[in-house]
Amino acid sequence: MAGVLTVPGPHGDPGRAAVNRIAVIGGGPGGLYAAALLKRLDPAREVTVWERNAPSDTFGFGVVLSDETLGGVRDADPAVYEALRRDLVRWEDVDVVHRGHRTTSTGHGFAALGRRRLLEILHTRCTDLGVQLRFRTEAPPAAALAASHDLVIAADGVHSRTREAHADHFRPRVTPHRCRYIWLAADFPFEAFRFEIAETEHGVMQLHAYPYEAAASTVIVEMREEVWRAAGFAELDEAESTARCAKIFAEALGGRELRSNNSAWTAFRTVVNARWSYGNTVLIGDAAHTAHFSIGSGTKLAVEDAVALAAAVGAHPALPEALTAYETERRPVVESTQRAAAASLHWFEELAGHVDRPPRRFAFDLLTRSRRVTHANLRLRDPAFTAAVERDFGCPPGTPPMFTPFRLRGLTLRNRIVVSPMDLYVAEDGVPGDFHLVHLGSRALGGAGLVMTEMVCVSPEGRITPGCSGLWTDGQAAAWARIADFVHTSAPGAALGVQLGHSGRKGSTRRMWEGIDQPLPAGNWPLVAASPLPYRPGVNQVPAALDRAGLTAVREQFTGAARRAARSGFDLLELHAAHGYLLSGFLSPLTNHRTDAYGGDLEGRLRFPLEVFDAIREVWPRARPMTVRVSATDWAEGGTTDEQAVAVARAFADHGADAIDVSTGQVVPDETPAYGRSYQTPYADRIRNEAGVPVVAVGAISSWDDVNSLLLAGRADLCALARPHLYDPHWTLHAAAEQSYEGPAAPWPAPYRAGSRPPPTGRRE
């Protein structure tokens, strides 16, 4: 939020932007509040708001405002805050109703009021300050207003005409989503924020409801597009849809009716703009960005935009600087909110895959869906609920979820933390050396349940770089045995896993820090792949498509490496079928263009990876587990779909894989990943719960709180972390200390026990 707004000196003060005439397009909360604040900052300004609807017209019923937002309103304009405060409805509880069970979690702290009342408060404030409100009046085009005003504020909503008129500059990206929803109201107050699930003959539907005044509640009904069509809503008018929704959720409503107000089924659209201003025109609220209603963010973001914009105009000497400052402040906040909203939206889109969870786990999963509410956060808000979820999970008393053991075949991991495979590129002729010993040994000493090697290559031609390690010779196996012996002797209880792979078309390149994916300046070796497609056309060499003899030879290289890995003493073997390497190249339709039995549909593309897996499983000790790493999406059009990823995981599980290590991408260079905190975990979640196979979740998991949240929600069985373990080899032990855990799942090595408590720091005044 922006700092406290203060009224400046006389008009024309050189310490702020010379903004005398202001036009606001759109009379929603964001536009009205921006108008009021800017007029309050300088009463001499001429501020006009154009709103095409009547003053009493509003769509939707209640709005949710966070304490943070209300604090910003209080600092910016106490008069508006006091008016809001008198009408706010507050509640602490969230009720989750699913399959006849109502699970209540408390301590959440919501505040809401009617949208119409909010607009009345802002209308009154604008009128009192002298803002000109032009209702039932279409605003002139933004370009015309920009010619006659110093500042034009486009608060014209998700369908912003201003944004579209200047799309070449704002560069909007509007993404429609897969659910339909409708805003309705009930004429009674729910006791809590209520989520209710209806499993109908047509599919899963959900209700979001909350009180917004003493005798009324907002009710939103949402479902997937295909469920909406199957249920016949596409053929119903507003009254019929309202009555049908009331019937479906009759128990939640106590048999009472719902009412509508120009309510229509719509699909949510996420709006992102590359720029928020153009000349003296600036976007705020839904015109600039949207975030799914399930995290209650639309009005909140618009009001916060208004506060930040007014503060920036008041603080900067020129309008361009003010608009830059506004966007610089708000964009990171908005992007963070949009990431949380996207996670929440995706969770509801995939609701059918969550409904089989037990009631409390389902409720925990729902509450933590956006990643903004976490296990640690819920322990503070509602310790009784969280303790019950932990008991259901099987946590021993006083044991965080991440320190609950997990069994894979004959291997019991002491905790749920995996040191993710990380290529080091420091081997000599494929032989791991002291660097590998220290790297893997220190992380085993650091407390992780399972420490994974980098991708260990099955042949010289299967290396990514000359510095990659291998298992194609007995000498390499002996070097690995030395490392395994150190881990098992010096860090008893830690398991060591080997990841076997073949680079395919991504081989014969420089070490990462010398030029990632760039071919060697000299000494390149020939590459093989599913199809003769270079990784980067014109940069990387064209690989040879493997023929029958080549397929057999590669399969035998994998089995030879697996035999050596078993003799070396590894506890677990992972087959690398992700990230565009050889086996991944067979799985993805973007890289497998074969017309023989090893290409075509998914069954054909799976054939060779499964043959390799089966051959390894034959020679790998029966009691030792095998996992498979897959790329669950290619992050590129025409690539692996979510449904195909589940089918791939199910196929490997049917062939004996004990767990699937769910990663994404790195298959094609023109991918567009949706990076963010824990951004790959929804794929692990879906595979775990649809394919019914244990999963390892990876991808920007950086805190023990995230790990505990993912495990308790049922989205993962193990969590693999890479960069956190590079930053801190003792990450797991430190996570135990920070949670005051001293049990058997995180033992400090005897020589290190004196350091098992954080050292005292210098005094800070």
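Tyr752 is linked by a side-chain contact (heavy atoms from CB on, under 4.5 Å) to Leu445, His730, Trp748, Pro749, counting only residues two or more places apart in sequence or in another chain. For Trp347, the ring pair (Phe, Tyr, Trp, His ring centres under 6.0 Å) criterion is met by His354, Phe362, not counting sequence neighbours. With sequence neighbours excluded, the residues satisfying ring pair (Phe, Tyr, Trp, His ring centres under 6.0 Å) with Phe608 are Phe586. Residues forming a side-chain contact (heavy atoms from CB on, under 4.5 Å) with Leu437 (at least two apart in sequence, or on another chain): Arg482, Ile483, Phe486. Partners of His502 according to the ring pair (Phe, Tyr, Trp, His ring centres under 6.0 Å) rule, which considers only residues two or more places apart in sequence or in another chain, do not exist here. By the salt bridge (charged side-chain N to carboxylate O under 4.0 Å, His left out) test, Asp685 pairs with Arg357, sequence neighbours left out.
By the 6.0 Å contact criterion, CD on Glu643 is enclosed, its count of non-hydrogen atoms from other residues, nucleotides or ligands being greater than 12. More than 12 heavy atoms of other shown residues, nucleotides or ligands fall within 6.0 angstrom of atom CD in Glu514. Within 6.0 Å of the CD atom in Glu603, the count of heavy atoms belonging to other residues, nucleotides or ligands does not exceed 12. Within a 6.0 Å sphere centred on CG of Asp429, other residues, nucleotides and ligands contribute 12 heavy atoms or fewer. Heavy-atom neighbours of Arg548 CZ from other residues, nucleotides or ligands within 6.0 Å: above the threshold of 12.
One N or O on the side chain of Ser588 and one on the backbone of Leu590 form a donor-acceptor pair closer than 3.5 Å. Between the side chain of Asn592 and the backbone N or O of Arg594, at least one donor-acceptor pair lies under 3.5 Å. For the pair Arg607 (side chain) and Ala597 (backbone), a donor-acceptor distance under 3.5 Å is present. The backbone N or O of Ala735 lies less than 3.5 Å from a partner atom in the side chain of Gln739, making a donor-acceptor pair.
Side-chain atoms of Pro519 and Gln541, non-hydrogen and from C-beta on, never get closer than 4.5 Å to each other. Put simply, the side chain of His375 does not reach to within 4.5 Å of the side chain of Thr368, judged on heavy atoms. Looking only at side-chain heavy atoms (C-beta outward), Arg605 and Pro589 come within less than 4.5 Å of each other. Looking only at side-chain heavy atoms (C-beta outward), Ser469 and Thr453 stay at 4.5 Å or farther from each other. You'll find the side chain of Trp635 stays beyond 4.5 Å of the side chain of Tyr675, heavy atoms only. Side-chain contact check for Asp634 versus Glu671: every heavy-atom pair is 4.5 Å or farther apart. Counting heavy atoms from C-beta outward, Ile687 and Val646 have side chains that approach closer than 4.5 Å. Side-chain contact between Ser584 and Val667 is present, with heavy atoms from C-beta onward closer than 4.5 Å.
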### Query
Can you check side-chain contact (heavy atoms from CB on, under 4.5 Å) on Leu606 and Phe652, steps first, answer last?
CA-CA 9 Å; Leu606 265 165; Phe652 279 114; 4.2 Å; yes
### Task
Please report the C-alpha distance between Ile516 and Thr509 in whole Å, then the side-chain angles of each, then the deciding distance to 0.1 Å, and finally whether the side-chain contact (heavy atoms from CB on, under 4.5 Å) criterion is met.
CA-CA 7 Å; Ile516 189 168; Thr509 64; over 6 Å; no
### Query
Do Leu546 and Leu582 pass the side-chain contact (heavy atoms from CB on, under 4.5 Å) test, and can you show the C-alpha distance, the side-chain angles, and the key distance before you say yes or no?
CA-CA 10 Å; Leu546 284 165; Leu582 181 67; 3.9 Å; yes
### Message
Before you tell me yes or no, could you show the steps for Met452 and Val418 under side-chain contact (heavy atoms from CB on, under 4.5 Å), namely the whole-Å CA-CA distance, both residues' side-chain angles and the distance that decides it to 0.1 Å?
### Response
CA-CA 7 Å; Met452 293 297 302; Val418 179; 3.8 Å; yes
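When only modelled atom types and interatomic distance are considered, Gln499 and Asp661 share no side-chain donor-acceptor pair under 3.5 Å.
Nearest approach of Gly447 to Asn415, heavy atoms of both residues: O-ND2, 2.8 Å. The two atoms that bring Ser508 and Asn524 nearest to each other are OG-OD1, 2.7 Å, heavy atoms only. When every heavy atom of Ala494 is checked against every heavy atom of Asp571, the shortest pair comes out as O-OD2, 4.4 Å. Among all heavy-atom pairs drawn from Arg414 and Ala491, the shortest one is NH1-O, 4.4 Å. The shortest non-hydrogen separation linking Ala647 to Leu602 is CB-CD2, 3.6 Å. Considering every non-hydrogen atom in both Ser663 and His579, the closest pair reads OG-NE2, 2.8 Å.
In this structure, the separation between OH on Tyr679 and CD1 on Ile701 is 10.5 Å, given to the nearest 0.5 Å. Taking NE2 of His576 as the reference point, atom SG of Cys457 lies at 9.5 Å (rounded to 0.5 Å). Going from atom CG of Leu378 over to atom OG of Ser709 covers 7.5 Å, rounded to the nearest 0.5 Å. Taking CE of Met422 as the reference point, atom CG of Leu721 lies at 9.0 Å (rounded to 0.5 Å). Note that the CG atom of Leu573 and the CZ atom of Arg617 stand 8.5 Å from one another [nearest 0.5 Å]. With values rounded to the nearest 0.5 angstrom, Lys506 atom NZ is found 10.5 Å from Thr591 atom OG1.
Applying the salt bridge (charged side-chain N to carboxylate O under 4.0 Å, His left out) test to pairs two or more places apart or on separate chains, those with a residue in residues 400-411 are Arg409-Asp658. The salt bridge (charged side-chain N to carboxylate O under 4.0 Å, His left out) contacts involving residues 690-717 comprise Asp365-Arg715, Arg677-Asp706, Arg686-Glu690, Arg688-Asp717, where partners must be two or more places apart or lie in separate chains. Residue pairs meeting the ring-ring contact (aromatic ring centres under 6.0 Å, His included) criterion with at least one member in residues 536-560: none, sequence neighbours excluded. Counting only residues at least two apart or on different chains, the ring-ring contact (aromatic ring centres under 6.0 Å, His included) pairs with a member in residues 703-727 are His725-Trp731. Pairs of residues two or more places apart, or lying in two chains, that qualify as ring-ring contact (aromatic ring centres under 6.0 Å, His included) and include a residue from residues 436-457 are His436-Trp480.
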Side-chain donor-acceptor pairs of residues 459-466 under 3.5 Å, sequence neighbours excluded:
unit_1	atom_1	unit_2	atom_2	d
Ser459	OG	Gly462	N	3.0
Arg463	NE	Pro460	O	2.9
Thr465	OG1	Gly467	N	3.0

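A distance of 6.0 Å or more separates the ring centres of His655 and Phe613.
The pair Asp474-Arg564 meets the salt-bridge criterion, with a side-chain N (NZ, NE, NH1 or NH2) lying under 4.0 Å from an Asp/Glu carboxylate O.
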